[in-house]
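Reckoned from all heavy atoms, side chains included, excluding hydrogens, waters and symmetry mates.
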Amino acid sequence: MRGKGNKVRVVFVSEKSKEAIKKYLAVRKDMDDALFVKVGGREKASKEEWGLTRRSIERIVKYYAIKAGISKKVTPHILRHCFATDLLNNGADLRSVQAL
């Protein structure tokens with residue numbers, strides 16, 4: 001995955017998630033490079049607009065945070081920091097966390 005500044009980002013995925021992604025890709029009809037694409041309105045959208053935008057991902061995270069009863073602000077960036085904090089609190093060294 002590529003992130004800000006076109007940097008390569010490592011994404012850790014569980015075995016259960018790998019299986020779910022395989023099933024998802026098996027039923028996809030398009031050949032788009034984006035792993036996750038918009039569901040509705042594709043007929044009107046250009047091919048470049050099929051992938052999820054940064055903002056649409058922020059909306060999805062916010063929706064599920066509210067649905068889970070989390071009243072604090074939750075963004076993908078905050079989740080990233082929570083992940084890093086959890087690693088540090090459980091014995092990971094700072095250099096390793098920075099590399100992730």
Side-chain angles (χ1 to χ4, degrees):
M1 180 175 164
R2 296 206 174 262
K4 187 175 176 182
N6 211 26
K7 290 182 184 176
V8 174
R9 301 283 187 200
V10 176
V11 178
F12 295 97
V13 182
S14 68
E15 286 301 318
K16 189 174 181 179
S17 296
K18 281 184 196 178
E19 289 304 314
I21 290 169
K22 284 180 189 177
K23 287 178 184 177
Y24 165 73
L25 291 175
V27 297
R28 284 252 312 255
K29 306 266 189 274
D30 62 81
M31 296 300 292
D32 198 85
D33 288 339
L35 177 58
F36 299 110
V37 293
K38 293 179 184 174
V39 176
R42 286 184 62 162
E43 315 78 42
K44 297 176 186 174
S46 69
K47 189 166 171 43
E48 293 77 32
E49 296 172 327
W50 287 2
L52 294 175
T53 64
R54 179 180 175 171
R55 183 65 186 122
S56 57
I57 293 168
E58 288 172 354
R59 286 186 184 114
I60 292 167
V61 169
K62 181 179 179 180
Y63 171 82
Y64 283 103
I66 291 168
K67 196 170 181 171
I70 300 169
S71 58
K72 293 187 177 188
K73 181 180 177 182
V74 180
T75 66
H77 189 72
I78 289 171
L79 291 176
R80 185 171 173 227
H81 281 279
C82 289
F83 172 70
T85 301
D86 189 55
L87 289 174
L88 290 171
N89 288 342
N90 287 290
D93 66 287
L94 184 58
R95 289 287 175 207
S96 296
V97 174
Q98 287 173 331
L100 295 173

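Annotation: the span from I21 atom CD1 to R28 atom CZ amounts to 11.0 Å, rounded to 0.5 Å. Distance check, rounded to the nearest 0.5 Å: CG of L87 to SG of C82 gives 11.5 Å. Separation of atoms CG (L25) and CZ (F36) is listed at 8.0 Å; rounding is to 0.5 Å.
For the salt bridge (Lys or Arg N to Asp or Glu O under 4.0 Å) condition, the pairs that include at least one residue of residues 10-21, sequence neighbours left out, are E15-K18, E19-K22. For the side-chain hydrogen bond (donor to acceptor under 3.5 Å, both in side chains) condition, no pair includes a residue of residues 59-68, sequence neighbours left out. Sorted by first and then second residue, the salt bridge (Lys or Arg N to Asp or Glu O under 4.0 Å) pairs involving residues 85-100 (not counting sequence neighbours) form an empty list.
Contacts of A20 classified as side-chain contact (heavy atoms from CB on, under 4.5 Å), with partners at least two apart in sequence or in another chain: none. Evaluation of the side chain to side chain donor-acceptor pair (under 3.5 Å) rule for S56 yields T53 as partners, not counting sequence neighbours. Residues passing the salt bridge (Lys or Arg N to Asp or Glu O under 4.0 Å) test with K29: none are found, sequence neighbours excluded. Legend: residues meeting salt bridge (Lys or Arg N to Asp or Glu O under 4.0 Å) with R54, ordered by chain and number and at least two apart, are E58.
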Cut-off 3.5 Å, no hydrogens considered: what does the side-chain donor-acceptor table look like for residues 70-79, sequence neighbours left out?
unit_1	atom_1	unit_2	atom_2	d
T75	OG1	H77	N	3.4
T75	OG1	I78	N	3.1
H77	NE2	H81	NE2	2.9

